[in-house]
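Structure first, commentary second.
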There are 2 protein chains.
Amino acid sequence: MSTRREQILAAAAELFARHGFHGVGIDEIGAAVGVSGPALYRHFRSKDAMLGEMLTSISESLLAGGQERRDTNEPAQVLGELIRFQVDFALDNPALITVQERNLGNLTEPDRRRVRALQRRYVEVWVQAIRETAPALDEPTARAAAHAVFGLINSTPHSRHLGRDGMATMLREMAVGALTRVCADGRPSGDLQTSSREFRIAGTSG
Amino acid sequence: MSTRREQILAAAAELFARHGFHGVGIDEIGAAVGVSGPALYRHFRSKDAMLGEMLTSISESLLAGGQERRDTNEPAQVLGELIRFQVDFALDNPALITVQERNLGNLTEPDRRRVRALQRRYVEVWVQAIRETAPALDEPTARAAAHAVFGLINSTPHSRHLGRDGMATMLREMAVGALTRVCADGRPSGDLQTSSREFRIAGTSG
DNA sequence: CGGCCGCGTTAGCGCTGGCTAACAGCAGGC
DNA sequence: GCCTGCTGTTAGCCAGCGCTAACGCGGCCG
């Protein structure tokens, strides 16, 4: 509602991403939105509450977006749409992504429980989609692969060299490539060539 | 040399990884190695110095390892060996990887400069290897791809479900797949099929 | 044996930082 | 036209934390 809360959360996210939760003071957050110091307590009960609300709202957005992609696409398209969704989210909200990755450990215990539950459900959407595409994959592997792809996509804040769209297509491509490769796995790991390409990456066997 | 310093650094890395640099007190670090509180100042000049030494030593190890792989392998094998090296390092030193990812911003300015210089050189080794494999790739893209693969490989600490070796092979596979895909890029992004596989991930075009 | 030195202890200082208290301007509603 | 409530201010409390000081103890060397 009140634009003020969101404004504060956005500024706080930026700061938390750069300096870490404990590396940012109340006064700095206030200064970032033009008010100074304890004015923030008119909008949040505590600094912990800011982080809590920030992370739960991110997690809810991701889960909602994931479920929506799952429910409004043909099964064969879901994984691709999830990739696109996550890439767009990461590119458009680098600070939020960074905070979610780094500052889970700074949450209050009940908040952490809530956030982890939401994240788990989001991962489950991915796991379903992955196994829909590659039913041979066992669930733990699919889950680990999902986490790895998150790492890939969320690496965005650390490399801003390409333009937004160039970055987006590259990340989508890489995500697809990574998932394709792991989905094709299960064979004895031996000759891993890229087949039908004019180059190959050698030496990954054993 | 003195095993004590390394022991302290290891404990501190674990704690920094979990709670963030500012989220950990001197007393906790001391407690983690069995001494209490300011005894650490017999070994380090400050808490900042601990983080500084930790991160520079990680960066030096990575750079040295990367250079060694580059210099002792045929060009066609270098990229694969770099992947293997990074995967092994991440799996064997999850705390260090986490700290390096998250706590660069908490370094002293001179320390940060040193670390960033080392990291840049390490990335350059990767960029060279990538472009050796796929000369058509421009340098910024190769750099961004390298960062993305780091994100993928370093996601390790967030998913411990598979065993070490299973995780290692999966991460290598995914890294290869991601790089293969991006290296093959440059064509108009349109039909992205996985070709000659029995499945495909659809919907990533545009 | 005696003095030095590496490594540890506890007490305590100074500052920072989260949070509260007390007060103020400024809407809108009766 | 006052009262209420929302939003902001400044002053200040109190805990925690980085770091220093002062001291103790055991081992090595002459």
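So that the names make sense, note that chain A is the first sequence line, chain B the second, and so on, each numbered from 1.
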Protein proximity profile, nucleotides 13-18 of chain D - base contact B, sugar-phosphate-only contact S, no contact -, cut-off 4.0 Å on heavy atoms: -----S

Is there a donor-acceptor pair under 3.5 Å between the side chain of B/K47 and the backbone N or O of B/H22? no

First of B/S36 and A/P38 reached from the 5' end of DNA chain C, by closest nucleotide: B/S36

Taking donor-acceptor contacts at under 3.5 Å, does the side chain of B/R42 reach the base of C/dG6? no

Taking the side chain from A/E28 and the backbone from A/G25, do they hold a donor-acceptor pair closer than 3.5 Å? yes

Does a donor on one side chain and an acceptor on the other come within less than 3.5 Å for A/Q86 and A/N154? yes

Atom NE2 of A/H43 to atom P of D/dG5: distance rounded to whole Å? 17 Å

Short side-chain to backbone donor-acceptor contact, B/R131 and B/A136, under 3.5 Å: no

Closer than 4.0 Å, any side-chain N/O of B/R4 to the OP1 or OP2 of C/dG8? yes

Looking only at side-chain N and O atoms, does B/R45 come under 4.0 Å of OP1 or OP2 in D/dC19? no

What is the distance, to the nearest angstrom, from the CD1 atom on A/I29 to the P atom on D/dG8? 15 Å

Do B/S46 side-chain atoms and B/A49 backbone N/O form a donor-acceptor pair below 3.5 Å? yes

Over how many whole Å does the gap from A/L40 atom CG to D/dT7 atom C1' extend? 12 Å

Determine whether a donor-acceptor pair (N or O, by modelled atom type, separation under 3.5 Å) exists between the side chain of A/N73 and the backbone of A/R69. yes

Interatomic distance where CZ belongs to A/F44 and P belongs to D/dT7 [whole Å]: 12 Å

